[in-house]
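All values below come from the heavy atoms of this structure, side chains included, with hydrogens, waters and symmetry mates left out. Along the sequence shown, residues are numbered consecutively beginning with 1. The shown structure was predicted, so the numbers you read here are calculated from the model rather than taken from an experiment.
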Amino acid sequence: MEQPHVDVLVIGAGISGISAARHVLRDNPSASLVVLERRARVGGTWDLFRYPGIRSDSDMPTFGFGFRPWTDARILADGAQIRQYVEDAATDGGILERTRFGRRAISADFSHATGRWTVEVEDEGTGERESYSAGYLVGATGYYDYDKPYRPEFPGEADYQGTLVHPQQWPEDLDHTGKRVVVIGSGATAITLLPAMADKAASITMLQRSPTYVLALPKVDPLTSVMKKLRAPARLTHKVVRTRNIALQRGSYAFCRKYPRLARKALLGLVRAQAGKGVDMRHFSPNYKPWDQRLCVVPGGDLFKVLKRGKAAIATDHIDTFTADGIRLKSGEELKADIVVTATGLSVQLMGGMDVTVDGSPVDVTNRVLYKAVLLEGVPNMSLVIGYTNASWTLKADLAADYTARLLAHMRRNGHDIATPVASDGDRSEFSVMGEALTSGYIARADKVMPRQGTRDPWRLWNNYYRDRAMLQNAPIDDSPLRFEKAGLPAAEAQEPTRAA
């Protein structure tokens, strides 16, 4: 059977994958392109997570695509809205018809002799194998494991007689009405679950080892509302609000890093104002500096509202052991629970667990650096889309997609078949691309699976939108660390994949 070949193969149909496909086809309209998606629908994270209240933790004007206006005035959106937004972007751009669902990419090997990737894929519906050939590969799977969330083992949990659930694997039929609920965790998921479940639950407590900085945002953006009332064009509103929000994000992050004591005072002062005089600030006073970990945002102060009404509570303590009907804390306090939610985080995984080789030799991602935060050192014709950890993910995903599209157009114009970034030993540091800036649990775990941080440009990741925009959108494509080559085989026409039992 003949192996199907495409110019560009995108792995993943979430925000990163749809952005990559849209940008590539914008600059390379004649390119053959296929998106492989393991799930049955587009959306990625926003199709996977189904827990109560799931929403964005970044403002939608920057979390949305740069090429598609987000027209709703609400600052944060729920998961279903975001998934539909991604699907609409895929449909309008002709990406949906190019997407093959239910496909898990197992391995990918690049051959210098042919200038092509060979990607082995499993149809998870039938168990059959498919093989794709591609001139260029885009890894747009995010950086966590969809199958196995991070879930530490707790003392005595085998004795617990209630329901134990992780937000990543939320049962559709789980009814918490009238139940006593304990949510273990202090991050964005836990802070979302508390107000979302409080009205139906008999009681709900967020159990945290240490607090997180929490920032309340308005539910509705005043500027967006005013511009909509003035009937400003959607694209103009999107551009104005997005530009303002990028500046606010960058400015607030820089302020927190430069003036941590002042930033801490301001953030805790805002909590006192929102939560009221009776708040125990021990639950909101982290022992780290602002932006050592990502800030948690709450729309309309919903978390503080349920706390003030007595519909929810926070316990800051360590777990001694699970009991038959709850959790006993180190302090001796016992939390009775019919349902325990382990909002303990994500397991980090790159490329969806796919094995990557070049000419048959395995690629050790953890010993390589990223060129301009997009291309992996020594790996030809492959982009990795990794969004920001200190701003909206999509800002960086869009920039990476734009650069990939420009690179492909440059290669086509100049007759290049292969583009490979080449680094020296002195270009890589001991830190991972995520481990130097933030200290969150999943960031620390990422050190074992992510590429290294570079010591200098263009290998160093700055997590700075303005610097990255200048480098990825405006700087010339053809510079010295990027080696271009010619391969022997002509590009083939795109075909439907053939099956191999």
| said: Testing Thr141, Val365, Asp145 one by one against Leu350 for a side-chain contact (heavy atoms from CB on, under 4.5 Å), which residue passes? | reply: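 Only one of Thr141, Val365, Asp145 forms a side-chain contact (heavy atoms from CB on, under 4.5 Å) with Leu350, namely Val365.
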
Find the distance between [atom1] ([X]) and [atom2] ([Y]) and round it off to the nearest 0.5 Å.
{"X": "Lys330", "Y": "Arg328", "atom1": "NZ", "atom2": "CZ", "result": "10.0 Å"}
{"X": "Arg38", "Y": "Phe101", "atom1": "CZ", "atom2": "CZ", "result": "15.0 Å"}
{"X": "Arg452", "Y": "Asp364", "atom1": "CZ", "atom2": "CG", "result": "9.0 Å"}
{"X": "Asp57", "Y": "Arg55", "atom1": "CG", "atom2": "CZ", "result": "9.0 Å"}
{"X": "Arg39", "Y": "Asp47", "atom1": "CZ", "atom2": "CG", "result": "4.5 Å"}

Pair [X] + [Y], salt bridge at N-O below 4.0 Å:
{"X": "Lys228", "Y": "Asp72", "answer": "no"}
{"X": "Glu124", "Y": "Arg104", "answer": "yes"}
{"X": "Arg22", "Y": "Asp92", "answer": "no"}
{"X": "Asp325", "Y": "Arg180", "answer": "no"}

Hey, are [Y] and [X] close enough side-chain-wise for a donor-acceptor pair under 3.5 Å?
{"X": "Trp70", "Y": "Thr62", "answer": "no"}
{"X": "Asp317", "Y": "Ser331", "answer": "yes"}
{"X": "Ser107", "Y": "Asp355", "answer": "no"}
{"X": "Ser392", "Y": "Gln249", "answer": "yes"}
{"X": "Ser131", "Y": "Glu120", "answer": "yes"}
{"X": "Thr316", "Y": "Gln208", "answer": "yes"}
{"X": "Tyr136", "Y": "Thr404", "answer": "no"}
{"X": "Tyr132", "Y": "Glu130", "answer": "yes"}

| Ring geometry between Phe67 and Phe65 (parallel below 30°, tilted from 30 to 60°, perpendicular above 60°) |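 Rings of Phe65 and Phe67: parallel, under 30°.
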
| Going through the distances and angles, do Arg129 and Asp123 end up as a salt bridge (Lys or Arg N to Asp or Glu O under 4.0 Å)? | CA-CA 6 Å; Arg129 293 294 182 95; Asp123 182 334; over 6 Å; no

Is [X] reaching over with its side chain to a backbone N or O of [Y], donor-acceptor style, under 3.5 angstrom?
{"X": "His166", "Y": "Gly345", "value": "yes"}
{"X": "Arg257", "Y": "Pro290", "value": "yes"}
{"X": "Arg50", "Y": "Pro171", "value": "no"}
{"X": "Arg294", "Y": "Thr389", "value": "yes"}
{"X": "Gln168", "Y": "Tyr146", "value": "yes"}
{"X": "Thr323", "Y": "Gly326", "value": "yes"}
{"X": "Lys305", "Y": "Gly300", "value": "yes"}
{"X": "Thr177", "Y": "Lys200", "value": "no"}
{"X": "Gln169", "Y": "Asp147", "value": "yes"}
{"X": "Arg242", "Y": "Pro61", "value": "yes"}

Which pair of non-hydrogen atoms, one from [X] and one from [Y], has the smallest distance, and what is that distance?
{"X": "Ile386", "Y": "Lys396", "value": "O-CG, 3.0 Å"}
{"X": "Thr224", "Y": "Ala73", "value": "CG2-CA, 3.7 Å"}
{"X": "Val10", "Y": "Ala140", "value": "CG1-CB, 4.2 Å"}
{"X": "Cys296", "Y": "Ser186", "value": "SG-O, 4.2 Å"}
{"X": "Ala21", "Y": "Val35", "value": "CB-CG2, 4.2 Å"}
{"X": "Val86", "Y": "Ala13", "value": "CG1-O, 4.4 Å"}

Between [X] and [Y], is the ring centroid distance below 6.0 Å?
{"X": "Tyr288", "Y": "Tyr213", "answer": "yes"}
{"X": "Trp46", "Y": "Phe63", "answer": "yes"}
{"X": "Phe284", "Y": "Phe304", "answer": "yes"}
{"X": "Phe255", "Y": "Trp291", "answer": "no"}

| task | Output, in order, the C-alpha distance, side-chain angles, deciding distance and verdict of ring pair (Phe, Tyr, Trp, His ring centres under 6.0 Å) for Tyr143 and Trp393. | result | CA-CA 12 Å; Tyr143 55 63; Trp393 173 278; 5.3 Å; yes

| task | Before giving the answer on salt bridge (Lys or Arg N to Asp or Glu O under 4.0 Å), spell out for Arg244 and Asp221 the whole-Å C-alpha distance, their side-chain angles and the decisive distance to 0.1 Å. | result | CA-CA 12 Å; Arg244 179 207 61 182; Asp221 178 46; 2.8 Å; yes

| Side-chain heavy atoms of Thr91 within contact of Val42, under 4.5 Å |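 Contact flag for Thr91/Val42 side chains = no.
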
